[in-house]
Protein chains: 2
Amino acid sequence: MVKTEFSPIADTTRRAGIVALLRRAILTGQLEPGQKLNELRISEQMRVSRAPLREAMRELVQEGILTSIPYAGTFVINVTAKDIDDAYSLNKVLDEFAIERTWKQRDQRFFEELDRRHEAVKQATRDRDTTRQIETALQLHGLIHEWADNSVLLETWQRLTSRLQMYFALHQQARKEAVPAEDIHETYVALLKGDDMRAAQRHAREHIDLDFEELLAHARGLERRPLKGA
Amino acid sequence: MVKTEFSPIADTTRRAGIVALLRRAILTGQLEPGQKLNELRISEQMRVSRAPLREAMRELVQEGILTSIPYAGTFVINVTAKDIDDAYSLNKVLDEFAIERTWKQRDQRFFEELDRRHEAVKQATRDRDTTRQIETALQLHGLIHEWADNSVLLETWQRLTSRLQMYFALHQQARKEAVPAEDIHETYVALLKGDDMRAAQRHAREHIDLDFEELLAHARGLERRPLKGA
DNA sequence: GACAATCAGATTGTCGACAATCTAACAAGA
DNA sequence: TCTTGTTAGATTGTCGACAATCTGATTGTC
């Protein structure tokens, strides 16, 4: 008998679809930080009622990429330099922890997945598709968190990721040019395959440092940027 | 002129009130793990419509203490021994990070707040109010995370806290007796006031160890406990 | 001119009713 | 007996309308 594989069913509820749509719009920078989300307008554009839209927005508020003020509105969060710095320093700690937890459990499947994700980054880089490049790079980094077999860690990292992706998108959009074309993940992948855990941890720290330094500098320049009104 | 103190305004929106009510019910163990939340029944009991109730539930789902299955229902999360273990090990990492970040910023206000919260724990212990004892102990531990001046860390810790509180409540409810009466936080507080950061970090690890070991043992005993139906 | 009161418009919060889906029980057929 | 189809009841998901609140513009008063 042939083993058949099924792809997951498309979103079962409108709410889930809306969440996915909104999240994507926010993370790709389509919706700008500080921008207000008008419920009526969005619900009309999406051809849904406000009920599932509002529920979707509540989810994204808890996810940390929207913020809500009663009777005033729901807004895309504003990204301050401090936010980036906070996320960045916590991310270092989490990465170190994830590598430690993952280390013993690395197996063939892990290495294969590592290569697959690395390849995806390289493909996006070749295509000059910066949005996808950000997505894939974060997925590559996420592997150690998925593999660490700690649900709370994974959840936490995913929350962080949302923000990081937002920051990167904002950053990239602002300079209007591609992220460095040369692949900076080569060493990272190699170390994850190697035998020196400490070295891998150290590199994760420094590598992320590089990505962030530039980002931070840019973010500080944007500080106190005026909001987009409704 | 007399300095007047105002109590916080009652929740501006029904949704917020519902969230607070539900959260409390869950964290105190009033709603058991695995239990299904019937929207119609709850909305009637609270005298509100299902709309704000559903929005509140979405928030708690994202907060991680409820879980939702489309068209099936929303349930209080089930607490497995592994969940506790995961939360516990991540908490160690976060505590260490928080202490490091807080250390340089300790000042008079910090020490005062530390004493205040410590006193609250002792008071709850004297009163044999176990629920409050859990609450205050977690608030004591939360101080370093609040002081670390890292919003993402604080947010993460608060999410962890919800679960820990649930675990503790479950644990405490099951044994039907008070948490150890003698105060185990004395050393912790003293070390946070001292000069040896490493020692404080080490103690945080081991102290939490103590709290958790017992909890873990108990949780493993509950594994695969049957769910409560609707 | 400065300030408070008032009001209209827009937007968010809440409600009750209807539609879609699930579950469990039962019947029909191989 | 096992499987499949059907159905009724309960529950969740969605909708359109109404109520509460905010914003700002306007008016009136000093």
Side-chain angles (χ1 to χ4, degrees), chain A residues 1 6 8-23 25-26 31-32 34-63 65-78 226-230, chain B residues 8-23 25-26 31-32 34-63 65-78 226-230:
Chain A
M1 197 215 256
F6 295 101
I9 304 291
D11 295 320
T12 51
T13 109
R14 295 194 205 286
R15 183 181 70 239
I18 297 171
V19 166
L21 231 68
L22 277 183
R23 186 190 290 123
I26 296 167
L31 289 169
E32 294 183 34
Q35 187 172 349
K36 176 173 177 178
L37 277 66
N38 185 307
E39 297 179 1
L40 200 57
R41 184 158 61 231
I42 296 181
S43 69
E44 280 168 357
Q45 288 174 354
M46 291 189 179
R47 307 288 178 81
V48 295
S49 74
R50 286 173 53 224
L53 172 63
R54 282 174 57 86
E55 292 187 15
M57 287 164 84
R58 272 340 128 223
E59 289 192 23
L60 295 175
V61 166
Q62 286 308 106
E63 214 176 291
I65 60 182
L66 289 181
T67 178
S68 154
I69 304 173
Y71 290 107
T74 305
F75 308 82
V76 178
I77 58 163
N78 260 305
L227 306 190
K228 274 282 169 94
Chain B
I9 304 289
D11 295 317
T12 53
T13 139
R14 294 194 204 287
R15 183 181 71 241
I18 297 171
V19 165
L21 232 67
L22 278 182
R23 185 190 289 122
I26 295 167
L31 289 169
E32 295 184 30
Q35 188 172 349
K36 176 172 176 178
L37 277 66
N38 185 308
E39 297 179 2
L40 199 57
R41 186 159 58 230
I42 295 180
S43 70
E44 281 169 356
Q45 288 174 354
M46 292 189 178
R47 308 289 177 82
V48 295
S49 74
R50 285 173 55 222
L53 172 63
R54 283 173 58 86
E55 292 186 16
M57 285 164 82
R58 273 339 126 221
E59 289 192 21
L60 294 177
V61 166
Q62 286 309 106
E63 216 176 287
I65 61 183
L66 288 181
T67 178
S68 153
I69 304 173
Y71 289 110
T74 305
F75 308 82
V76 178
I77 59 163
N78 258 305
L227 308 188
K228 274 284 172 90

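Labels below follow one simple rule: chain letters A, B, ... track the order of the sequence lines, proteins then strands, and each chain is numbered from 1. For clarity, every value in this text was computed on a predicted model and none was experimentally measured.
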All heavy atoms of A:Val61 vs all of A:Ser68, minimum pair found to be CG2-CB, 4.0 Å
Rounded to whole Å, the CZ-C1' distance (A:Arg54 to C:dT12) equals 6 Å
From CG of B:Leu53 across to C1' of D:dG13 the rounded distance in Å is 13 Å
Paired with A:Arg58, the side chain to side chain contact (heavy atoms under 4.5 Å, CB included) test is passed by just one of B:Arg54, B:Gln62, B:Arg15, namely B:Arg15
B:Glu55 CD to C:dT12 P, in whole Å, measures 12 Å
Closest non-hydrogen atoms of B:Leu66 and B:Met57, given as atom of the first, atom of the second and distance, are CD1-O, 4.1 Å
Nearest heavy-atom approach of A:Thr13 to B:Pro70 is CG2-CB, 3.7 Å
In terms of heavy-atom contacts, A:Phe75 and A:Ile69 come closest through CE1-CD1, 4.2 Å
Do A:Glu32 and A:Val76 touch side chain to side chain, with heavy atoms closer than 4.5 Å? no
Separation of C:dT11 atom P from A:Ile42 atom CD1, nearest Å, is 12 Å
Does a side-chain heavy-atom distance below 4.5 Å link B:Leu53 with B:Leu37? no
Review point. If only side-chain N and O atoms of A:Thr13 are considered, is one of them under 4.0 Å from the OP1 or OP2 phosphate oxygen of D:dT12?
Key: no
d(A:Glu39 CD, A:Glu44 CD) to nearest 0.5 Å is 12.0 Å
Separation of C:dG13 atom C1' from A:Glu39 atom CD, nearest Å, is 8 Å
- prompt: When we call it a touch if two heavy atoms are under 4.0 Å apart, what does A:Leu37 touch: a base, just sugar-phosphate, or nothing?
  reply: sugar-phosphate
Whole-Å distance, A:Arg41 CZ to C:dG9 P, equals 19 Å
Pull out every protein N or O sitting under 3.5 Å from an N or O of nucleotides 15-18 of chain D, one pair per line with the distance.
from, atom 1, to, atom 2, distance (Å)
D:dC15, OP1, A:Arg14, NE, 3.3
D:dC15, OP2, A:Ser49, N, 2.6
D:dC15, OP2, A:Ser49, OG, 2.8
D:dC15, O5', A:Ser49, OG, 3.4

Practice prompt. May I ask you to test the A:Leu22-A:Leu31 pair for a side-chain heavy-atom distance under 4.5 Å?
Written response: yes
To the nearest angstrom, the CG-P distance between B:Leu40 and C:dT21 comes to 20 Å
Expected string for nucleotides 19-25 of chain D under the B/S/- scheme (protein heavy atoms, under 4.0 Å, primed atoms plus P, OP1, OP2 as sugar-phosphate) is --SS---
Atom CZ of A:Phe75 and atom C1' of C:dT12 are separated, to the nearest Å, by 11 Å
Computed from five pairs at either end and rounded to 10 degrees, the angle between the axes of the helix from C:dG1-D:dC30 to C:dA30-D:dT1 is 10°
When every non-hydrogen atom of A:Val48 is compared with those of A:Arg14, the smallest separation belongs to CG1-CD, 3.7 Å
Smallest heavy-atom separation, B:Ala56 atom then B:Val19 atom, equals CB-CG2, 3.5 Å
